[in-house]
Novice: 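Sharing a structure, written as structure tokens. Questions coming.
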Amino acid sequence: MSQNFVDIKNSIMVKLITAVFSIYFLVTMTVTLMHMVAEYRNTKDSIIKDLATYQQTFELGLATAIWYADDTQLKSIIAGMLKLPTIVGIEVKDETGKILEEAGVHSGGGSGVVDQAGTQIPVNITGVFSELFGYTFPIYYTEEGQRIEVGKTTLYSSTAIVFDRVQYGFLFIIANSIIKTLALWIIFVWMGHRLLSRPLGILTTATKHLNYDNLENFEIDIKISGKNELKVLEEAFKSMIEKLMHAQQKLKDYAQKLEGINTAYSRFVPHRFLDLLEQHSITDVKLGDHVEKEMSILFSDIRSFTTMSEGMKPEENFKFLNSYLEQMEPIVTKHQGFIDKYIGDAIMALFSTADDAVRAAITMMEVLQTYNDGRGKAGYAPIRIGIGVNTGLMMLGTVGGHDRMEGTVISDSVNLAARIEGLTKVYGSSLLISEHTFDKLQDPSQYANRFIDRVKVKGKAQAVKIYEIIHTDQPDVRDKKLSMFETFEKAWNLYQSKQFKEAEVLFHQCVEGNPEDQVAHIYVKRCQHYQKMGYDVNWEGITQFDIK
């Protein structure tokens with residue numbers, strides 16, 4: 001078997017060593033910094049002690065110069081002191097605190113340090129990393145055995161002198177820490193690769209290239225002697241492969257059975273329904289699962305199916321229905337919908353958008369034409385269908401009991417879609433949609449359509465506008481309806497304004513221009529009825545239907 005080891009920089013061994021040595025490095029650096037700080041403090045304390053020793057050397061000369069106000073002698077002593085390597089500045093004050101002499105870098109009277117050019121710089125006499133630090137001592141003059149304090153002297157040194165003394169020690173400490181850390185790192189990486197990373201790399205590569213369909217040819221050897229943890233892991237790995245080989249055939253048998261079950265379930269519970277319930281599998285669905293969605297509902301029904309079925313045997317009935325539904329079902333799926341249920345010859349389908357639902361309905365009418373051509377050649381009479389589409393909020397979920405449940409849709413919008421489908425028989429239309437669907441279309445003008453009525457269907461208190469999609473009418477019928485579109489619209493407006501006589505004239509023109517326009521025929525009869533029988537003063541131009 002090919003051994004493609006894991007890149008050492010990505011191995012567990014290196015990550016482990018990196019973590020350990022990171023902590024080691026932090027500890028080492030902390031100790032090193034503490035060592036450097038201690039070295040710095042010791043050196044600084046040593047310099048301060050050196051400054052203190054100068055008190056005994058120069059105190060007598062300074063006291064004499066101050067007592068006798070000998071500025072020349074005082075300056076000479078200060079000049080000599082500045083030549084000492086640890087002194088960078090001197091400040092001499094009398095007993096009242098008045099500065100008598102300043103030289104080098106000093107405090108400038110306590111308000112800051114000034115150099116010999118007179119430039120002020122910050123002073124921190126007590127800080128560890130201050131630029132200046134110093135030692136102050138009183139000056140006594142002895143006269144007739146009596147010690148008299150005549151002033152104070154401050155000797156200044158600087159951190160530059162301290163660092164100059166400790167820099168080589170610092171470099172040695174840092175270099176020592178780095179060299180030991182790198183040496184230990186290299187040793188640990190080399191040994192870790194031989195004893196840990198390489199065996200684990202073999203196991204990792206074997207796992208990566210494990211072929212479930214070719215287990216019998218699997219081999220592994222970590223090339224390590226002794227009965228250690230890795231050898232035990234190798235043996236356990238081989239044992240696992242043997243068990244997998246025994247279980248493989250059973251899993252294949254189960255997989256075939258599950259595939260068949262899933263395929264069967266998908267015929268009864270559409271995957272799209274599971275997606276809407278946000279479930280991945282039919283096994284995840286629980287009684288009472290539900291979700292609220294705005295969707296478009298399509299109802300379709302075969303005209304006079306009851307009469308047709310009476311002349312057929314049960315076997316012929318099922319054969320006919322299945323041949324028809326097999327033509328319609330793929331259309332729904334193609335337009336991102338799914339069939340919620342078959343109600344005898346009727347289809348109830350759900351779509352996420354109004355455009356998908358209307359396009360599916362149009363395609364169903366087009367496919368029906370081809371289907372009827374085939375029926376005609378086989379000697380059967382053509383069939384007609386009606387389709388109603390509505391859009392609105394609905395609850396999708398599961399109902400039933402724990403032993404028997406099914407998916408369903410609950411909403412007034414569903415009932416309205418069914419009622420609108422029923423109105424296709426009244427208006428002689430193949431495809432009607434509600435105003436709720438019409439308003440949700442991205443571009444209604446892409447579908448040849450016309451507004452035909454405001455209706456109240458059975459069980460609904462609110463009136464709804466309905467539109468006729470004439471896209472799939474016979475070309476000559478569709479063209480005639482479109483040519484009379486403006487006339488029909490003017491006639492309907494007159495009808496709504498209760499000008500029934502004038503409306504009847506225009507509706508007659510629609511009938512004369514297109515005798516197959518059943519909607520125009522209906523309005524002619526309505527106009528004649530209202531002229532003859534009168535109408536309620538509260539009439540709002542709404543047609544009431546009590547049929548389902």
Side-chain angles (χ1 to χ4, degrees), residues 263 266-276 293-305 308 318-378 380 382-391 394 396 407 409 413-414 417-418 420-425 429-434 436-438 440-444 446-449 467-475 478:
T263 301
S266 66
R267 294 173 181 170
F268 292 92
V269 182
H271 286 296
R272 181 64 179 141
F273 184 82
L274 296 178
D275 293 340
L276 291 171
K293 294 281 186 181
E294 181 181 83
M295 302 190 75
S296 292
I297 313 100
L298 179 151
F299 265 96
S300 73
D301 189 35
I302 299 176
R303 294 284 177 266
S304 304
F305 174 72
M308 292 175 57
F318 277 99
K319 185 176 180 180
F320 159 67
L321 270 180
N322 288 329
S323 68
Y324 162 73
L325 295 175
E326 283 177 356
Q327 299 294 318
M328 299 297 127
E329 185 268 337
I331 299 172
V332 174
T333 304
K334 179 181 178 182
H335 290 85
Q336 290 73 53
F338 68 93
I339 294 176
D340 179 71
K341 58 176 61 74
Y342 296 109
I343 311 170
D345 61 306
I347 296 174
M348 175 182 167
L350 301 177
F351 299 84
S352 296
T353 69
D355 284 278
D356 285 337
V358 173
R359 291 193 191 103
I362 292 173
T363 305
M364 289 171 70
M365 300 303 299
E366 292 172 347
V367 170
L368 179 66
Q369 181 62 49
T370 304
Y371 178 72
N372 279 331
D373 291 342
R375 283 180 60 85
K377 293 177 181 178
Y380 296 106
I383 63 173
R384 295 180 62 235
I385 66 173
I387 301 177
V389 180
N390 183 40
T391 301
M394 60 196 68
L396 292 89
V409 180
S413 300
V414 176
I420 291 174
E421 184 278 322
L423 293 180
T424 60
K425 305 172 186 177
S429 301
S430 298
L431 173 55
L432 295 178
I433 66 173
S434 70
H436 309 303
T437 298
F438 184 87
K440 292 294 182 178
L441 295 175
Q442 292 185 354
D443 181 14
Q446 66 179 305
Y447 314 105
N449 68 86
Y467 295 79
E468 180 185 31
I469 302 297
I470 58 179
H471 203 90
T472 56
D473 283 355
Q474 292 296 325
R478 180 182 65 238

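Keep in mind that this is a model prediction, so the values were computed, not measured.
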Novice: First locate atom CZ of Phe338, then atom CE of Met348, and finally report the distance between them rounded to the nearest 0.5 Å.
Specialist: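 If we round to the nearest 0.5 Å, Phe338:CZ and Met348:CE are 8.0 Å apart.
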
Novice: Does any part of the side chain of Ile383, heavy atoms only, come nearer than 4.5 Å to the side chain of Tyr371, both counted from C-beta?
Specialist: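 The answer is yes; the side chains approach within 4.5 Å.
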
Novice: Quick one: are Met365 and Ile385 in side-chain contact, heavy atoms under 4.5 Å?
Specialist: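 When only atoms from C-beta onward are counted, Ile385 and Met365 do touch, with a gap below 4.5 Å.
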
Novice: Please assess Arg384 against Lys425 for the test side chain to side chain contact (heavy atoms under 4.5 Å, CB included), listing each intermediate value before the final yes or no.
Specialist: CA-CA 10 Å; Arg384 295 180 62 235; Lys425 305 172 186 177; over 6 Å; no

Novice: Return the OH to CD1 distance between Tyr467 and Ile433, rounded to the nearest 0.5 Å.
Specialist: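 These two atoms lie 8.0 Å from each other.
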
Novice: If you measure from CD1 on Ile387 to CE on Met364, what distance do you get to the nearest 0.5 Å?
Specialist: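 These two atoms lie 4.5 Å from each other.
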
Novice: Rounded to the nearest 0.5 Å, what separation is found between the CZ atom of Arg359 and the CG atom of Leu441?
Specialist: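 Rounded to the nearest 0.5 Å, the CZ-CG separation comes out at 8.5 Å.
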
Novice: Just wondering, more than 12 heavy atoms not from Tyr380 lying within 6.0 Å of its OH?
Specialist: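 12 or below, so no.
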
Novice: Is any side-chain heavy atom of Phe351 closer than 4.5 Å to one of Val332?
Specialist: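 Sidechains of Phe351 and Val332: in contact.
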
Novice: Just wondering, do His471 and Gln446 contact through their side chains at under 4.5 Å, heavy atoms?
Specialist: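 Heavy-atom side-chain distance check fails, nothing below 4.5 Å.
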
Novice: Heavy atoms only: give me the nearest Pro382-Arg375 pair and the separation to one decimal.
Specialist: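 Heavy atoms only, the tightest pair is CA-NE, 4.4 Å.
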
Novice: Rounded to the nearest 0.5 Å, what's the gap from CG on Asp301 to CD1 on Ile343? Could you check?
Specialist: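 Between Asp301 CG and Ile343 CD1, I get 9.0 Å after rounding to 0.5 Å.
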
Novice: Would you mind reporting whether Met308 and Asp345 have side-chain heavy atoms less than 4.5 Å apart?
Specialist: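 Side-chain contact under 4.5 Å: no.
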
Novice: Considering all heavy atoms of both residues, which atom of Ala357 and which atom of Ser296 are nearest to each other, and what is their separation?
Specialist: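 Shortest heavy-atom contact: CB-CB, 3.7 Å.
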
Novice: I'd like to check Ser413 versus Ile297 (side-chain heavy atoms, cut-off strictly below 4.5 Å). Are they in contact?
Specialist: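 Contact flag for Ser413/Ile297 side chains = yes.
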
Novice: Could you pull out the closest heavy-atom pair between His436 and Thr391, with the gap in Å?
Specialist: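 Minimum heavy-atom separation between His436 and Thr391: CB-O, 3.3 Å.
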
Novice: Could you tell me which non-hydrogen atom of Arg478 sits nearest to which non-hydrogen atom of Ala448, and how far apart they are?
Specialist: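 Scanning both residues, the minimum pair turns out to be CD-CB, 4.5 Å.
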
Novice: Between Glu421 and Thr424, which heavy-atom pair has the shortest distance, and what is it?
Specialist: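 Minimum heavy-atom contact is O-OG1, 2.5 Å.
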
Novice: Going by heavy atoms in the side chains, are Lys440 and Thr353 under 4.5 Å from each other?
Specialist: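 They are not in contact (no side-chain heavy atoms under 4.5 Å apart), so the answer is no.
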
Novice: Salt bridge check, Lys319 against Glu326: does any charged N sit closer than 4.0 Å to a carboxylate O?
Specialist: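 Salt bridge: no.
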
Novice: Decide yes or no for Tyr342 and Ile347: does some side-chain heavy atom of the first lie under 4.5 Å from some side-chain heavy atom of the second?
Specialist: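 Side chain of Tyr342 against side chain of Ile347, heavy atoms only: contact under 4.5 Å found.
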
Novice: Within the supplied structure, the quantity of interest is the number of heavy atoms (other residues, nucleotides, ligands) at a distance under 6.0 Å from Arg303 CZ; does it exceed 12?
Specialist: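 Yes, CZ of Arg303 has more than 12 neighbouring heavy atoms, counting only those of other groups under 6.0 Å.
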
Novice: Asp355 side chain to Gln442 main-chain N or O, any donor-acceptor pair under 3.5 Å?
Specialist: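 Side chain of Asp355 to backbone of Gln442: a pair is present.
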
Novice: Which heavy-atom pair separates Ser430 from Asp473 by the least distance, and what is that distance?
Specialist: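 Heavy-atom minimum between the residues: OG-OD1, 4.5 Å.
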
Novice: Give a yes or no answer on whether the side chain of Asn449 reaches the backbone of Tyr447 with a donor-acceptor pair at less than 3.5 Å.
Specialist: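 Yes.
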
Novice: What is the distance from atom OG1 of Thr363 to atom CD of Gln327, rounded to the nearest 0.5 Å?
Specialist: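 Rounded to the nearest 0.5 Å, the OG1-CD separation comes to 13.0 Å.
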
Novice: Do any N or O atoms from the side chain of Asn390 and from the backbone of Thr437 form a donor-acceptor pair under 3.5 angstrom?
Specialist: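 Not at all, since once roles are kept as given, no pair shorter than 3.5 Å links the two residues.
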
